Amino acid sequence: MSKIITRFAPSPTGYLHIGGIRTALINHLIVEKNKTEFPDSKFFLRIEDTDKKRSKDEYFQSIVKSLKWLNIQWDGNIYKQSENINKHIEIANELLRIKGAYKCICTTEELEERRKKNLLKGLSLKKLCNNCEGDPNIQKLEKDFCIRIKIEKSNFTEIDDKIQGKIKISNDELDNFILLRKDGTPTYMLSVVVDDYLMGITHIIRGDDHLNNAFRQFHLYKNLGWIVPKFAHIPLMFGDDGKKLSKRHGSIEVLDFKNKGYLSEAIVNYLAKFGSSNDKDEVLQKKQIIYNFNFNSIVKSPSRFDYNKLNFINSLYLNEINDEDLLRELKENFNLKIKNNLVDLILKLINLYKKRSHNIEELNKNIKSFINFEIAEYKKVSSENEKKILNQFFIYINNENDWSKDKIEKNLKEFVNQNNIKFSHLAEPLRMILTGSKKGPSLSEIMIILEKKETISKINKFLI
RNA sequence: GACCCCUUCGUCUAUCGGUUAGGACACCAGGUUUUCAUCCUGGAAAGACGGGUUCGAUUCCCGUAGGGGUCGCCA
């Protein structure tokens, strides 16, 4: 082992989603782990912004913000692929010079034609340009050509992927992919390899969808006489229905999770466990996650995103956050507006409700429904029996001056016993008018928080 | 269609030829809380299919099926 240099290289053509950030996390973790032994290991962030039409600044911002939110810190400055285009072009020409590439004048239409023909005949759709390479006249051209890579035909290419294992394919499966377009701009395939080389990347860790590219890029390294880096292709993440992650699975963009009130640490924890057998423990500190990271524990098959599990993890973390921090979060990011005289009450509610909320959005909903509950509206739909019970309870509790937890509980119990009703017959309507929901914290806890005055007042509002 | 990858409870996974196939989430039941939740205890729940190899296969091999990825002068 020696130092490890990795990169996360998203293109800013869409918001960063949860599957993408998993890739970033893995890149980050392997480097963090390696840093303990080799401090000059690095994790770089490179933005692949060569497709100017589709690249947008807001997507770039989303990438940066997402990484920062999850505390996936990269080393050094952010690289932008577009800034290095001249170097890419230079390498393409160099490749031409050393006969690792050739000029091609096939038009898109011609290629499309051949592709169709081959498809009908059941032939390979690769290596559609067959004649240009051997044509001296074409190779002498000064303009109006694109540059394609030369790949030796009858042979095999083998890659020893850190996750996928050894994979061998026939070179017939490889096309003479384009390095430099007719307009002189470099393609992704060229830019990636050149940048990775220049940045000294030792491990290319990325999504499974790039596995096929690895074989092609392999030859670019070879033709240039560069050392081929190690590859690790991570299986893709699917939605809960086993289909490719998309909008219809709900929140899949990283920042959606932030907006819903999932916690950074919980997401990292979930992602670290996702599709891997790293650790038997469910709840992991970042230190443990780093320490335990291992390519071997990443499962080769794609796995599904599971909100149940995320919710479970997130509620554990949520419960650990102190009430003041949560209040600030609710006010700043969840549009919770409260009057100053209610701050103490809200803090107590947060304490009560954070235990039973999966995320901050849910906590917010609970608190808002508590505050905004319209007792008068509920009165319209409540049953006569509920009114009768609450009326009796009002009379029963109105003169009570001992508002301690023990006494409240004793009173609640005695009341139902005296009236010979089930506890839930009192609990549900009472909790409803006190909290705005039939389900929620225990009655005695709420009554203590509300104190006698507010408790009586709410019941009274319902009765009059 | 071609090439490559994958396939254990509903979901995420353990098992590196011999296990009552284990755990976690979710679910269900019981207990605690005369209340929702937590918590505790328990339960149901899996080797895609078919062939080999072997004393023995979830594990190794082959095939079939299913799923996924890739096949651009996009990245």
Side-chain angles (χ1 to χ4, degrees), chain A residues 9-14 48-51 53-55 81 104 106-108 111-112 115 118-126 128 145-148 159 161 163-165 167-170 172-175 177-189 191-192 207-213 215-216 233 235-236 238 240 242-244 270 273-278 280-283 297 299-313 315 319 352-353 355-357 409 412-413 416-417 421-428 430-431 435 437-446:
Chain A
S11 61
T13 52
E48 313 227 309
D49 58 344
T50 49
D51 185 345
K53 281 177 207 150
R54 292 198 301 147
S55 296
Q81 191 155 62
C104 161
C106 300
T107 64
T108 313
L111 293 169
E112 189 54 35
R115 213 186 320 273
N118 280 14
L119 189 62
L120 285 175
K121 288 185 189 165
L123 296 171
S124 169
L125 304 182
K126 312 292 161 62
L128 263 12
F145 57 83
C146 66
I147 298 179
R148 287 181 182 272
I159 280 178
D161 192 277
I163 295 170
Q164 307 290 336
I167 308 167
K168 192 175 166 186
I169 63 159
S170 162
D172 293 333
E173 297 302 325
L174 269 16
D175 59 334
F177 57 91
I178 291 174
L179 271 15
L180 213 60
R181 300 185 189 99
K182 207 178 198 172
D183 66 3
T185 58
T187 60
Y188 161 80
M189 213 59 84
S191 298
V192 168
D208 218 349
D209 48 339
H210 282 290
L211 183 59
N212 288 275
N213 287 337
F215 295 96
R216 311 207 282 165
H233 288 91
L236 298 179
F238 289 139
D240 51 12
K243 300 289 177 198
K244 208 172 172 177
Y270 175 74
K273 292 278 307 178
F274 182 89
S276 100
S277 54
N278 258 339
K280 279 185 179 173
D281 296 330
E282 295 298 324
V283 182
S297 64
V299 176
K300 283 171 88 173
S301 56
S303 20
R304 305 179 184 204
F305 188 86
D306 184 6
Y307 265 101
N308 282 328
K309 198 106 177 190
L310 209 217
N311 281 338
F312 167 73
I313 300 277
S315 40
N319 202 19
L352 224 49
Y353 278 105
K355 296 187 193 92
R356 58 200 86 220
S357 303
E409 276 172 6
L412 288 167
K413 287 171 194 171
V416 293
N417 288 340
I421 55 172
K422 277 188 183 173
F423 197 85
S424 60
H425 290 161
L426 169 67
E428 288 192 0
L430 184 56
R431 191 185 283 112
T435 71
S437 171
K438 284 188 178 176
K439 295 183 175 182
S442 83
L443 287 174
S444 57
E445 284 179 303
I446 303 162

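Side chains are part of it too, since the values below use all heavy atoms of this structure and drop only hydrogens, waters and symmetry mates. The sequence lines fix the lettering, A, B, ..., with proteins before strands; numbering per chain opens at 1. Since this is a predicted model, take the numbers as computed values, not measurements.
- Regarding A/Arg304, its CZ atom lies at a distance of 10 Å from the P atom of B/rC9, rounded to whole Å.
- The side chain of A/Lys309 approaches B/rC25 more closely than any other nucleotide in the set B/rA75, B/rC36, B/rC25.
- Residue A/Arg115 places its side chain closer to B/rG72 than to any other of B/rC36, B/rA2, B/rG72.
- The separation between A/Leu174 atom CG and B/rA2 atom P is 18 Å, rounded to whole Å.
- Proximity note for A/Leu443 (side chain, C-beta onward) versus B/rU35, B/rC4, B/rU7: the nearest is B/rU35.
- Among the nucleotides B/rC12, B/rC36, B/rU34, the one closest to the side chain of A/Arg356 is B/rC36.
- Protein atom CZ of A/Phe305 is 15 Å distant from nucleotide atom P of B/rA26, rounded to whole Å.
- Straight-line distance from the CG atom of A/Asn311 to the P atom of B/rC12: 16 Å, rounded to whole Å.
- With sequence neighbours left out, A/Arg54 forms a side-chain contact (heavy atoms from CB on, under 4.5 Å) with A/Thr13, A/Asp51.
- To the nearest angstrom, P of B/rG72 lies 15 Å from OH of A/Tyr188.
- Atom CG in A/Asp161 sits about 18 Å away from atom P in B/rG69, given to the nearest Å.
- In this structure, CD of A/Gln164 is placed 9 Å from C1' of B/rC4, rounded to the nearest angstrom.
- Checking B/rC3, B/rA14, B/rC6 against the side-chain heavy atoms of A/Lys300 singles out B/rC6 as nearest.
- Taking the centre of each ring, A/Tyr270 and A/Phe312 stay at or above the 6.0 Å mark.
- In the set B/rA75, B/rC36, B/rC6, the nucleotide with an atom closest to the side chain of A/Ser11 is B/rA75.
- Spacing of P atoms, B/rA57 relative to B/rA21, comes out at 15 Å, to the nearest Å.
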Exercise for review: Check step by step if side-chain contact (heavy atoms from CB on, under 4.5 Å) holds for A/Val192 and A/Glu48.
Suggested key: CA-CA 8 Å; A/Val192 168; A/Glu48 313 227 309; 3.6 Å; yes
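- Atom pair A/Ile313:CD1 and B/rC25:P shows a separation of 9 Å (rounding to whole Å applied).
- For A/Arg216, whose side chain is taken as the heavy atoms from C-beta onward, the closest listed nucleotide among B/rU35, B/rA75, B/rC73 is B/rA75.
- Distance from the side chain of A/Arg431 is smallest for B/rU35 among the nucleotides B/rA14, B/rU35, B/rC73.
- The nucleotide whose nearest atom lies closest to any side-chain atom of A/Phe238 is, among B/rG68, B/rA75, B/rG69, B/rG68.
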